[in-house]
Participant: 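Here's a structure for you.
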Amino acid sequence: MIKITFPDGAIREYQPGTTSLDIAKSISEGLAKKVLAASVNGEVWDATRPIYDDSSLKLLTWNEKEGKSTFWHSSAHLMAEAVESLFPGVKFWVGPPVEHGFYYDMDLGDRKITEEDLKVLEKKMNELAKTNSTYIRKEISKADAIDFFSKKGDEYKLDLLLGLEDGKITFYTQGGFTDLCRGPHIPQTGLIKAIKLTSIAGAYWKGDEKNKQLTRIYGITFPAQKELDEYLQMLEEAKKRDHRKLGKELGIYTMDDDVGQGLIMWMPNGTVVIEELEKLAKETENAAGYKRVVTPHIAKESMYLTSGHLPYYADSMYPPMELDGEKYYLKSMNCPHHHKIFAAEPKSYRDLPYRIAEYGTVYRYEQSGELFGLMRVRCLHMNDAHIYCTRDQFASEFRAVNEMYQKYFKIFGIEKYVMRLSLHSPDKLGKKYVNAPELWKETEEMVRQVLIESDIPYVEVQDEAAFYGPKIDVQIFSVIGREFTLATNQVDFSQGRSFKLEYTTADNQTETPLIIHRAPLGTHERFIGFLLEHYAGRFPTWLAPLQVKVLPISDKFADYAQNVLESLKKADIRAEIDNRPEKIGRKIRDTEMAKVPYMIIVGEKEVNETKVSVRRQGRGDAGSTSIEAFIKEINEEIKTRSGG
RNA sequence: GCCGUUGUAGCUCAGUGGUAGAGCACUUCCUUGGUAAGGAAGAGGUCGUGAGUUCAAUUCUCAUCAACGGCUCCA
């Protein structure tokens, strides 16, 4: 007998060779029907795989992350089976589960797959699922595996096999489909009850754009139709808060073919948001000892040769314009200009840390396929600043920047983000990264220590650093699940030397300062895109383009309403009046839809009592009060930047 | 940049080888109404752009631009 230890610590004995599924059945039939896989000694196994030794066991169902991914992985195989039956001769690459569903990459030769085909494939998958075939695991020798795929003529699987060790190769078969796969898989196809193939895309083989592009089909499946319906419903909801949709509805920004791709024009409402953000940044930076600067949008080639940007980033800069025999580039970063400001006057250690900030406009020639609403654009306004400091000052300066992030995030109620410590990749020194191995090591450790000391949770990622040093990126996700860097805090040990920046030390030596590049609010474009989705378009009052709408019940009360409006404007509150000859219900509806935080309703009652009735967007009637009291209250809310 | 999809009124979308339609929004008039849509009338588009096929193109073909879904990229 073997001993099986359950998550709650209970130990039970079973015959050797029993499966997780058998064990589940011994507990309850209901549970057995839900088991998708099992974690055996911490390793995810097929629920149908026999266990021969004493083990710890956790049964995995749809409620567990690993259960879902196993389910989707098996769904990818089911899809491949359907594809193979419809498109004989198709060659497969890989088909993993992803965060929401799965995909499979394949080479269809000259054939093209269409949206119509997806429907046919879904139908076929449903048929195959109903046959309730079991997923059968088989260990196979490398030679036999190579033989199998040679006969099939699948060079992609053969390529995969090259990297695998003999003796550790497994095949999985369900129905008429056999695939090279390490598994695990769910017990039978019948568990897959709801199927939706979501999109067709191209994907480079092995993710390299020099390679052939394969066809990728994305899909998602569920153990019940209800869950698929809920998922589709959720997608609809997400679409409603897509910043591109809200940005248009709320008059935040626009783009135009005649202006160019990725070039945002901020409309009056968007400009209010920008100005409020800048006000916040200026207050915050002023309090933190930053000075403000303003620099031009272009610079000569020589500066970007000095900075080292050109060799690394020429492709993503707009091509230069030639003037008087000189090449001028649109700036794609503000740092070189700021370095020139640092260098304009001699510095001593007494001047450090020297902090200069600018909402700098930069232009980046992003690949056309990359552009995405406000999140990825070609002209951006950075909440930029550079801190020049000594090595001793570095940790406290870097920590102060991180604290500034936290302060901002608290104001905006930003909770869902990932702090990413982005490190270099040693094999790319001299190519993607400045060739200074010692400095990389040293500064990466400095940054890591600051994070650890500040007790900030973070993840470390290789090969994501800037060319001039390691950085901390704050990663956020758009409503449709795309990941973006919202804010960044970077170390630069390179440009100080390139620009020959120096300061005089206390013992009259010259030193090169360390530089911190930071942008806690990222860019206006990305930050406002993020905020639109974060608030679902309902900006807190301090950011709202229009803060109060005055709604007279009828035009008999227009004069009184006008007086209310004047009082609000005098108090610097962004307010408008709705004088249309519409019923109050209609005016309220339109204002609710425009997501204006406050409505003031005035009619006979208010005129008689010299009061105003207040309604909060999304929350309904808030009672009546004097106009003075209302102004005091809303001003307090605006001043403290609360809400949201 | 690559693969795929799409492009008709301000918005959402229907439609046709014989020079276009709906709902909402908009304008005007009537209604003076108390917390999420009052009624009527009207105006608005050379069907993304350019070329080709055709007696005739918004519809078919090609090119081009842009948007969208991915891939690659992202200082």
Side-chain angles (χ1 to χ4, degrees), chain A residues 98 103 105 112-115 198-218 242 244-245 248-249 251 254-262 304 307-309 312-313 315-317 331-336 362 364-373 375-377 380 382 384 422 432-433 464-469 471 473 480 482-485 488 490 492 495 517 519 526 551-558 580-593 599-606 613-624:
Chain A
V98 289
Y103 66 79
D105 282 352
K112 274 189 185 151
I113 201 157
T114 64
E115 303 279 337
T198 47
S199 67
I200 308 165
Y204 299 109
W205 184 43
K206 295 187 180 178
D208 187 334
E209 61 181 327
K210 290 184 198 74
N211 284 343
K212 179 168 181 174
Q213 198 157 51
L214 305 175
T215 301
R216 173 174 298 180
I217 304 177
Y218 282 92
D242 189 314
R244 292 167 297 185
K245 185 172 163 66
K248 185 161 193 65
E249 284 171 3
T254 188
M255 294 193 255
D256 191 282
D257 284 3
D258 281 337
V259 176
Q261 273 189 294
Y304 296 112
S307 71
H309 283 97
Y312 292 98
Y313 297 115
D315 284 351
S316 49
M317 291 175 77
K331 66 175 173 183
S332 63
M333 65 299 292
N334 301 301
C335 30
V362 302
R364 295 178 182 178
Y365 186 71
E366 303 282 6
Q367 294 186 55
S368 62
E370 290 317 313
L371 301 171
F372 179 69
M375 298 295 202
R376 195 79 181 269
V377 294
L380 34 127
M382 289 185 75
D384 214 352
S422 299
K432 191 172 169 184
Y433 304 109
E464 288 288 342
F467 78 84
Y468 44 67
K471 56 178 180 165
D473 293 320
I480 60 166
R482 282 216 219 174
E483 181 176 354
F484 291 96
T485 299
T488 185
Q490 314 179 344
D492 179 355
Q495 289 192 62
H517 303 237
R526 195 169 284 179
L551 310 178
I553 299 275
S554 84
D555 59 12
K556 284 186 203 153
F557 316 106
R580 293 175 306 162
E582 290 290 349
K583 288 189 177 177
I584 193 64
R586 177 55 178 274
K587 290 184 184 183
I588 287 169
R589 178 184 153 83
D590 290 347
T591 315
E592 286 278 349
M593 307 257 284
M599 278 158 260
I600 281 187
I601 294 159
V602 292
E604 192 174 0
K605 201 174 108 212
E606 287 74 18
S613 281
V614 180
R615 184 187 164 98
R616 285 225 63 168
Q617 202 270 343
R619 298 183 211 171
D621 196 342
S624 71

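Naming: A, B, ... by sequence-line order, numbering from 1 per chain.
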Participant: Look at the side chain of A:Q213 and the base of B:C2, then say whether one donor and one acceptor between them are separated by less than 3.5 Å.
Facilitator: yes

Participant: Could you tell me how far B:G42 sits from B:G50 if I compare only their P atoms? Round to whole Å.
Facilitator: 33 Å

Participant: Search all heavy atoms of A:E592 against all heavy atoms of A:G618 and return the closest pair with its distance.
Facilitator: OE1-N, 3.0 Å

Participant: On a whole-Å scale, what distance lies between the P atoms belonging to B:A20 and B:U59?
Facilitator: 14 Å

Participant: Using Watson-Crick and G-U wobble pairs whose two distances are both under 3.5 Å, how do you write the pairing of RNA chain B as dot-bracket, with | for links to another strand?
Facilitator: (((((((..((((....[..)))).(((((.......))))).....(((((..]....))))))))))))....

Participant: Can you tell me how far P of B:C30 sits from CZ of A:R580, to the nearest Å?
Facilitator: 17 Å

Participant: Say we look at B:G17 and B:C73: how far apart would their P atoms be, to the nearest angstrom?
Facilitator: 45 Å

Participant: For A:K471 and for A:K587, find the nucleotide of RNA chain B with the closest heavy atom, then tell me which residue's nucleotide is more 5'.
Facilitator: A:K587

Participant: Closest to the A:R586 side chain: B:G38, B:G69, B:G70?
Facilitator: B:G38

Participant: Starting at CE of A:M382, measure out to CE of A:M333 and round the result to the nearest 0.5 Å.
Facilitator: 9.5 Å

Participant: Just checking A:T198: base, sugar-phosphate only, or nothing, at a heavy-atom cut-off of under 4.0 Å?
Facilitator: nothing

Participant: Given atom NZ of A:K248 and atom P of B:C68, what is their separation to the nearest angstrom?
Facilitator: 12 Å

